[in-house]
Structure formats: structure tokens, C-alpha cells
*Asks:* 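Can you keep this structure in mind? I'll have questions shortly.
Atom set for the values below is all heavy atoms of this structure, side chains included, hydrogens, waters and symmetry mates excluded. Numbering of residues begins at 1 and proceeds along the displayed sequence. Remember, predicted model here, so these are calculated numbers, not experimental data.
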Amino acid sequence: MHPKRTARRLLPWATVLTVGLLALTTNGSAQPPDKDPKIPPPAVPVDKTGALIVPLGGVVSFDPGLKNPPTDIIVSREDVLGVRVDPNDAKKLLLTGKSGGLSQLTIVQKDGPPMKFDVVVQPDLALLRNLIKRTVPTANVDVQPGVGNVIILSGYVTSPQDADIISRLANSAVGGTPNNVINAVQIGGVQQVQIDVVIASVDRNQLRTRGFDFAAPGAGNGTSFSSIVSGLLGVQTSAGTAPTFSTNANLQLAVLPNKFFAALQALRTEGVAKFLAEPRVVTQTGRPAFFRAGGQQAILSGTSGITGPGVQLVPFGTELEVVPIVYGNGQIWLDINPRVTAVSQGLGITINGATSPGFTEQSVRSTVLLESGQTFAIGGLIQNSVQASANKVPVVGDLPFIGVGFSSLSYQMRESELVILVTPRLVAPMDPCQAPKRLPGQETRTPDDYELFLENILEAPRGQRKVWNGKCYNAAYKCDPTVLRYPCAGNVCTGPNGTCLPAPAYGLPTGGLPALNGGGHGPAMVPPIPVTPPGGASAVPAPMPPATAPGTLPAVPGATGGEPAPVALPPLPPVTGAPVPPG
């Protein structure tokens, strides 16, 4: 074997192969890489009338089918449509939408008549439909072109938020111009919201005052001694003159021979003020609503009138301002502002002899999210305040018991409680059969002279009335149709012949009591009462007489286990089939 000789034989071939690879690599790197081909613009769509549809702000390719390149291109409105020859193919045109509107394109060719095309430039509705479908998949919205740069939205969405998103997408498609979007999208489901608000407040105050004044005017020697720290006795002008008593002194004492006068004020004043308001308003989702029950108070203003100071009217009362929005999941978003104001003379001011009142106010502004029928306490207040003051003579007024005559004090406590509740509900209009038959003020009539002057009736039930039914007096309230629904205790004059019949036994009107003359009702039809005879026999229904029979039934023993069952019922006739043991 000769390995060196074999290596000498392979060396020339390796050299040639290496040189060839280097040359191939050099030639390959010298050639420029192929560029990615450009995506051609889409073809122009055509509508049902044959007009070319060019998207606003977009470029489309148009092939009119020419054999030779056009000699001239004429555009009726160059502000709407831009046209240029396709650089890759001289027989095709590139159309650009500049602004919404209509234009006419005329192509002049060398060996043929001119070709005319109607062109409509409008927003890219296909792109807008895809955006709406991807953004709001639950919406069922259709997009149609209008006249010029106008689009029309129609269909249904599940929430106001979806409608707002679709409106913004449409505005962006027409260049951010809201006036070019006709929004006919409707929100499905119940969109009427009823807002119930309860405002309840309680204000309690307690005032305790104590004061004691005395005076001992001198008889003839001109000496006197008095203490008037509390202001319950008037100042003496001279010795021997009787002092005057103040109206604040609830206890007064005068000893005339010795000329001793004393006045005591020991009072405890308690007060309570309760307020309850329940405003209610119905509005459509997304629409603000305002409710006010009250009035307007005139107060002094900075402007001057002809004969005096100016006047400004300030509203007061119970107010409710709310904006509800119904979400797609049924929740209700509320921006609510209830307010209660009242005129307060104690908070007023007096300027140059003119008095202007003040106002007390309880209000809250809040934003909450609830479901239909849920209740939130959006505001509350618990406030306790104490005001105490003491006036006393130094040293002497600090002495126990004795200092009462040389001091006065006042101690006031005040407690305030306030709560505001809100409850939204999704509601629908009432059916005609659900409308109330009587509104406030329609359930009564004006009394006649007999009812007004002799019976002191200010409001009488509607309908005819028979005052005297034979020998019985028929009250006015018994003529109301609801008297059968809400029976009253006591005797009722109901007989057709003027007989006085008592009210139904135990207040059990069943089966609808027939109305008789005078607006009353007849005897109560009480169902039969089963009575079990001795010996375990089956219960035998005992017929119940009219509730007008007087008397009561004594206690009847029970049927099981000998358990007593005292029952106070009207008397029963003899039971058929089994005697009833005596009580």
C-alpha cells in the first residue's frame, strides 16, 4: 500500500471542485434577490343599477374591456372621483374615492365610441359590516348606503353600550361626521324603568332649662337684695318697688307683707319631627327624568327693583333627578340625585328690615348598579349633637344647692336620623283593563246640604244614598262599593224593609255578600260546621243559621282523645242523626 500516492491523485480534483464552488457562490451573490410581487387592488364592485361602487378613501381596479389604451379620460366631478391609468396594464384604470357622492366616468378610445360609467363613492360598507360583526357579535344590524356620504343603520342590539359602539364605528367610516349616520338601531327588551325612592328622616330634640331669680326690696329703710342672673325678674328702679315677672318664669312667688319675690324656670321641652317621602318616576333607558313636588319661595336678591329690593324664586320640596341605563344582562345603572328642601325661617337673615328665609336640605348624588327589584341604601345619616351653657355668679354660683339661686343653665340634645333607599324596576305599560278605575279625588263626591250641615260630611262616597232605611240610620260609608270588601264591626242597617241586622259573625264575609237597599250587605253565608257526635261517628255537617240570630253556643267537647275544644259560635239547631251532648 502507498497512501501518499493516492493523496497525490485526489489533490487536483479537489482543487478544481473548490474553485467551481467559489465561482458559483460569487455569481449567486451578485444577482439581486427577487422582490415580493405587490398585491393588486381589488376589482370595483357593481350594484344592481350597474353603477360602479368605489369605497371612500380606497382604491379599486377597473377593467373596462378596452382593446387599446384609452386616448382620453373625462370625470364629471373630480372632487368626488380620482382616475389614473394602471401602470402595470395600460388598458385598466385605478379609481380612487375622494369624497362621497356621484360622478360620471367617460373613456374615449381610438377605434370606438366613448364609454360612459356611473360611479358612486360611498363608505366601505363591507368593511363596516365586518367590523360590526367582529366587535358586537350579538348585534343584528344592517348597513345600507344613503344619498351621498350617508349610511343608514337598522336592526336590534341587546344593550345601549352595543348601540353606542356601533354608532362610533359608523361615524369613523364616514370620516367622523355624526350627521352623516342615520341611526335606526333599536334596543331589544324592556326599556322602561321605574325608580322608587324612599326618603325617611326623624329629628328629635330635648331642651332642659333651669333658672331661679329672687328679689327682696327693702320696706322703708331703702335696702334691697336680689339675684337676676336668669332674667326672670325685672330690674327694680327704686327701693320698695315690686319687680316685674318675665313670661319665661313658669313658677312665680310673691310674699307681699315681707315683700319677697321669686321666679323659677324649670322646663323640659321635647320635640320630634318625622318626614317620609316616596317619589316615583318612570323613564326610558338612557333618558334623564326629573320629578318635583313642592313650590317656589321668594327670597331677596342682589338686584334692585323699582320700589325696593329684587326678588328671586327658589324652588323647594321633594325633587328626584335620575338617569337609568339598562344593560344587556338585565342590570340597571343609575345616576340618581334625590333632594328634599324645606323653608326655614330660623335660618333666614334680616337686612335693612327685610327678612329673607333660609332652607334646610337633605340630598345625595350617587351612581349604583342594581338588578330589577333590588334595593340599595344610597345615603344615611346618624347625628347627635349636644349644646350646654351655664351662667352663674362666681363662688356663690358654684355652691351646691345654694348656687341654684345664683345661676342658670340650658342643656339641649338633638338626634337626627336619615336614610335614602332606591329601587329600580323594569316595567311595561299597563293593559287597558289594568288601568285604575278611580284616581285620587274621583272616589268621592261633594256632599249635599243635609250631609254637610247636619252630618258634618266633607266627602261622601259616589253614588246614590238612602240616609234612613226605615228606622235605621244608614251611614255614608256603607254606600261605597268597597264596604263588602272591608267590613266594619258593629250593626249595619241592611234590611230591605228597614230591619236592623248585625254585622256578619266573626267578620267572615264569604261568597260575595249581596248588596241590599241602603248600600249595605245581607246576612253572612257562613259554611256549615262539622260536628262529631259521640262514639266516633263520622262528622255530620250542621247547617249554619244566618249570623243575625242572637246568642252563643256553649263549649263542645272535642272528638279525638277527649280534648276540650271551647268554641264561641251562634246557636245551632238540633243536629240530624246524632244528639249533641250538653256542655
*Asks:* For Pro113, is there any backbone N or O sitting under 3.5 Å from a side-chain donor or acceptor partner on Gln109?
*Replies:*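 The answer is yes, because a donor-acceptor pair under 3.5 Å joins these two groups.
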
*Asks:* Give the ring-plane orientation class for Phe117 versus Phe62, where under 30° counts as parallel, over 60° as perpendicular and anything between as tilted.
*Replies:*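 Perpendicular.
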
*Asks:* Are more than 12 heavy atoms from other residues, nucleotides or ligands located less than 6.0 Å from atom CD of Glu270?
*Replies:*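 Above 12, so yes.
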
*Asks:* Which of these passes side chain to side chain contact (heavy atoms under 4.5 Å, CB included) with Ile152: Asn183, Val181, Val143, Ile182?
*Replies:*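 Between Ile152 and the candidates, side chain to side chain contact (heavy atoms under 4.5 Å, CB included) is satisfied uniquely by Ile182.
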
*Asks:* May I ask you to test the Pro70-Met115 pair for a side-chain heavy-atom distance under 4.5 Å?
*Replies:*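 Result no, sub-4.5 Å side-chain heavy-atom pair not found.
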
*Asks:* Is any side-chain heavy atom of Pro324 closer than 4.5 Å to one of Ile195?
*Replies:* yes

*Asks:* Tell me, do Val75 and Val119 make a side-chain contact under 4.5 Å, heavy atoms counted?
*Replies:* no

*Asks:* Tell me whether Arg287 at atom CZ has more than 12 heavy atoms from other residues, nucleotides or ligands lying less than 6.0 Å away.
*Replies:* no

*Asks:* Taking atom CG of Leu276 as the centre, does the number of heavy atoms from other residues, nucleotides or ligands within less than 6.0 Å exceed 12?
*Replies:*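 Yes.
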
*Asks:* Is there a side chain to side chain contact (heavy atoms under 4.5 Å, CB included) between Leu93 and Ile107 once you walk through the steps?
*Replies:* CA-CA 10 Å; Leu93 303 177; Ile107 302 175; 3.5 Å; yes

*Asks:* Taking the side chain as everything from C-beta on, heavy atoms only, tell me whether Ile378 gets closer than 4.5 Å to Leu334.
*Replies:* no

*Asks:* In sequence, state the C-alpha distance, the side-chain angles, and the governing distance for Tyr411 and Leu207, and then conclude on side chain to side chain contact (heavy atoms under 4.5 Å, CB included).
*Replies:* CA-CA 6 Å; Tyr411 193 91; Leu207 175 63; over 6 Å; no

*Asks:* Just wondering, do Gln206 and Gln412 contact through their side chains at under 4.5 Å, heavy atoms?
*Replies:*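 They are not in side-chain contact.
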
*Asks:* Does the side chain of Val83 come within less than 4.5 Å of Leu94's, by heavy atoms?
*Replies:* no

*Asks:* If you compare all heavy atoms of Ala476 against all heavy atoms of Ile457, which two are closest, and at what distance to 0.1 Å?
*Replies:*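 That closest heavy-atom pairing would be CB-CD1, 3.7 Å.
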
*Asks:* Atom CG of Leu369 and atom CZ of Phe376: how far apart are they, to the nearest 0.5 Å?
*Replies:* 8.5 Å

*Asks:* Closest heavy-atom contact between Val157 and Ala139?
*Replies:* CG1-CB, 3.7 Å

*Asks:* Which atom names give the shortest non-hydrogen contact between Asp124 and Pro55, and what distance separates them?
*Replies:* CB-CB, 4.0 Å

*Asks:* For the CD atom of Glu451 and the CZ atom of Arg445, what is their distance to the nearest 0.5 Å?
*Replies:* 4.5 Å

*Asks:* Where do Asp142 and Arg129 land on the side chain to side chain contact (heavy atoms under 4.5 Å, CB included) test, with the steps shown first?
*Replies:* CA-CA 8 Å; Asp142 187 20; Arg129 293 190 186 99; 4.1 Å; yes

*Asks:* Rounded at 0.5 Å granularity, tell me how far CD1 in Ile166 sits from CG in Asn171.
*Replies:*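 It is 12.0 Å, given to the nearest 0.5 Å.
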
*Asks:* Provide the closest heavy-atom pair for Leu347 versus Phe359 in the form atom of the first, atom of the second, distance.
*Replies:* CD1-O, 3.4 Å

*Asks:* Take a 6.0 Å sphere around CG of Leu458 and say whether it holds more than 12 heavy atoms from other residues, nucleotides or ligands.
*Replies:*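 Check fails, neighbour count at 12 or below.
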
*Asks:* Closer than 3.5 angstrom, by distance alone: can the side chain of Thr341 be matched with the main-chain N or O of Gly317 as a donor-acceptor pair?
*Replies:*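 Looks like yes, one N/O pair under 3.5 Å.
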
*Asks:* Is there a donor-acceptor pair under 3.5 Å between the side chain of Ser372 and the backbone N or O of Leu426?
*Replies:*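 Such a contact is found between Ser372 side chain and Leu426 backbone.
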
*Asks:* Once rounded to the nearest 0.5 Å, what's the spacing between atom CD1 of Ile199 and atom CG of Leu418?
*Replies:* 8.0 Å

*Asks:* Indicate yes or no: at least one non-hydrogen side-chain atom of Leu125 is less than 4.5 angstrom from one of Pro145.
*Replies:*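 Yes; the side chains approach each other to less than 4.5 Å.
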
*Asks:* If you count the non-hydrogen atoms of other residues, nucleotides and ligands that lie under 6.0 Å from CD in Gln296, is the total more than 12?
*Replies:* yes

*Asks:* Do the side chains of Leu102 and Val80 get nearer than 4.5 Å, heavy atoms only?
*Replies:* no

*Asks:* Shortest non-hydrogen contact from Arg77 to Ser103?
*Replies:*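 Heavy atoms only, the tightest pair is N-OG, 3.4 Å.
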
*Asks:* For Ser356 and Ile299, indicate whether the former's side chain and the latter's backbone hold a donor-acceptor pair under 3.5 Å.
*Replies:*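 Absent.
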
*Asks:* Rounded to the nearest 0.5 Å, how far does CG of Leu320 lie from OG of Ser363?
*Replies:* 12.5 Å

*Asks:* Which pair of non-hydrogen atoms, one from Leu66 and one from Lys91, has the smallest distance, and what is that distance?
*Replies:*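 What the structure gives for the nearest pair is O-CD, 3.4 Å.
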
*Asks:* Looking at Val197, Ile336, Val340, Val198, which hits side chain to side chain contact (heavy atoms under 4.5 Å, CB included) with Ile420?
*Replies:*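 Only one option passes, and that is Val197.
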
*Asks:* Taking only Lys NZ, Arg NE, NH1 and NH2, and the carboxylate oxygens of Asp or Glu, determine whether Lys98 and Asp79 approach each other closer than 4.0 Å.
*Replies:* no

*Asks:* Spell out, as yes or no, whether a donor-acceptor pair under 3.5 Å connects the side chain of Gln186 to the backbone of Ala184.
*Replies:* no

*Asks:* Who are the side chain to side chain contact (heavy atoms under 4.5 Å, CB included) partners of Asp164, not counting sequence neighbours?
*Replies:*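 With sequence neighbours excluded, Asp164 shows a side chain to side chain contact (heavy atoms under 4.5 Å, CB included) to Arg168, given in chain and number order.
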
*Asks:* Rounded to the nearest 0.5 Å, how far apart are CZ of Arg280 and CZ of Arg425?
*Replies:*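 Output value for this atom pair is 7.0 Å.
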
*Asks:* Taking it one step at a time, do Leu105 and Leu95 satisfy side chain to side chain contact (heavy atoms under 4.5 Å, CB included)?
*Replies:* CA-CA 10 Å; Leu105 173 63; Leu95 307 181; 4.1 Å; yes

*Asks:* Among Leu370, Val193, Thr285, exactly one meets side chain to side chain contact (heavy atoms under 4.5 Å, CB included) together with Ile332. Which residue is that?
*Replies:* Val193

